[in-house]
Protein chains: 2
Amino acid sequence: MSLRYGILGMLSKWEASGYDIKKEFDEYMSIFWHSHLSQIYPELNKLEKDELISSKLVKQVGKPDKKVYSITDKGRKELMNWLLTPPETLKMKDTFLMQTFFMDNIPAEEVLLKLRMYKKERQQRLEQIKIIMQDRLNSIKERNVMKSRILMSSAVLKRGIEQEMYYLKWCDETIELVEKCKFLWAKEEAARIEHINSQSENKEIQSTASATYTEVEEIFLKYFAGLVEEEK
Amino acid sequence: MSLRYGILGMLSKWEASGYDIKKEFDEYMSIFWHSHLSQIYPELNKLEKDELISSKLVKQVGKPDKKVYSITDKGRKELMNWLLTPPETLKMKDTFLMQTFFMDNIPAEEVLLKLRMYKKERQQRLEQIKIIMQDRLNSIKERNVMKSRILMSSAVLKRGIEQEMYYLKWCDETIELVEKCKFLWAKEEAARIEHINSQSENKEIQSTASATYTEVEEIFLKYFAGLVEEEK
DNA sequence: TCAACCATGTAATAAGTTACATGATTAT
DNA sequence: ATAATCATGTAACTTATTACATGGTTGA
């Protein structure tokens, strides 16, 4: 349902074609939403049928013609109505974090490799979004205008940048954690091999399979510093 | 596709029923994923048909019987394979941020109301997740064990807490920003009314419709402090 | 010349959500 | 009494993704 309002909101700012809207979803709006063209085009047709938007054909030179949509009064009312409605719960689908959650199943070196690769991905994304922000801030300064619209979209932009910044920071801290604790994988692997070689005394072996918390307490507390309330 | 591996990964840690898995998705795993029972049950059947997991019926007293699933060797191999695979791109669907992006369309007081309400929601979620973390950390300390499994799930937990903490901080800062800048809404509203009353000189009116950047520069720079690189 | 961009769509499939169905137990 | 928890599923529907289809222009 929200895609509908994402498009409607977008058209409350500027007139745009389906293609334009997709670009906005990929750039600025990618902080909170994403969508495919094959979903946007049918949705635009539905919105037009419901008379929340209207279209006009614009002929272009050197480029294919395009259908430019604008919001109607009815559409504006519908948008305002939705804005006063409680939001749907946040839906996160973070496959990388899911993999991380289960990464004890692969060797420590592979874990480090994955974390470093992902860090690069986040870093690139942060650079992208920082460029968008600099451009925006410069344009506001140059034109010397400030509107509630600019204010609210800037707030969202800030959230987007922070999200990336802190994800990146987490990557760094987690790489450090795994580097300091990779002996855990070696210990567990050794215990597994021992377990195969002598299956008779498996109870004794299981107790040596894991390290004690005391061995990593300092590293662990440093990793969680600032998040845990100190108990007295 | 990832739900499949979420379940498989879950079963690489403990044996569980569909109902148990759902609880884990709602609690610990909610940091990176969510799923309904009506999606989990069919997926479990598929996984069993593919021989990645196996089930046994466990009779219970005072409770309905349950089907407890465990991962097979084939399943463990499939999981490891997936773990070495690049993750799908992060998919965020944040309806609240979407609304925020378009909130210039509703009065400033409504914006503040929405921000304050959402802040409470995030706050409650943070409290929940902090309790989960405290329980986890205490149990590790008590039992005095440390395994790579605990390490990796703790890393994910940290990310979850940070996410909530910084979202909450953003709510606070954005509430402050809107409070300081709510005169923008009043100004734009006044200009709109003037525009209706005298449609002849609309060009002149549009120039007074928005405030200048200079009027809010100090507030704006404070809001973005730490995110923007200073230009010399 | 080959990829990328502009531009709009449909069709098939996959994934996710809500509603329906059943039924026992436990806590308020 | 009534709601919540435990437990497993199916059916209908909505949403999202990938593949297919078309075709001109621009830049490397």
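Chain letters run A, B, ... following the sequence lines, proteins first and then strands; every chain starts at 1. For clarity, every value in this text was computed on a predicted model and none was experimentally measured.
As judged by a 4.0 angstrom heavy-atom cut-off over every strand, S35(A) is placed among residues making no nucleic acid contact. Among the atoms of the strands shown, none is found under 4.0 Å from any heavy atom of K22(A).
OP1 or OP2 of dA11(C) has not a single side-chain nitrogen or oxygen of S38(A) nearer than 4.0 Å. Between K91(A) and dG16(C), a side-chain N or O to OP1/OP2 separation shorter than 4.0 Å is absent. Of the side-chain N and O atoms in H36(B), none sit less than 4.0 angstrom from OP1 or OP2 of dG16(C). OP1 or OP2 of dA16(D) has not a single side-chain nitrogen or oxygen of K93(A) nearer than 4.0 Å. Put simply, Q39(B) has no side-chain N or O that comes within less than 4.0 Å of OP1 or OP2 on dA15(C). Proximity of K63(B) to the phosphate of dG23(C): no side-chain N or O atom is located under 4.0 Å from OP1 or OP2.
Side-chain rings of Y166(B) and Y167(A) stay apart, their centers remaining 6.0 Å or farther from each other. Aromatic rings from F102(B) and Y5(A) are positioned such that their centres are separated by 6.0 Å or more.
Counting to the nearest Å, the C1' atom of dT17(D) and the CD1 atom of I40(A) are 13 Å from each other. For the pair D65(B) CG and dT25(C) C1', the interatomic distance rounds to 13 Å; values are reported in whole Å. In this structure, CE of M1(B) is placed 10 Å from P of dG16(C), rounded to the nearest angstrom. Between the NZ atom of K66(B) and the P atom of dT8(D) there is a distance of 8 Å, given to the nearest Å. Per the geometry, NZ belonging to K59(A) stands 19 Å off C1' belonging to dT25(D), to the nearest Å. Atom CG in L3(A) sits roughly 17 Å away from atom P in dG16(C) (whole-Å rounding).
Nearest to the side-chain atoms of P64(A) among the listed nucleotides dT8(D), dG23(D), dG9(C) stands dG23(D). In the set dA7(D), dG9(C), dT10(C), dT10(C) carries the atom at the smallest distance from any side-chain atom of P42(A).
Annotation: cation-pi pair K66(A)/Y19(A) absent, no NZ/CZ under 6.0 Å from the ring centroid and within 45° of its normal.
Residues R125(B) and L90(A) are not in side-chain contact: their nearest non-hydrogen atoms beyond the backbone lie 4.5 Å or more apart.
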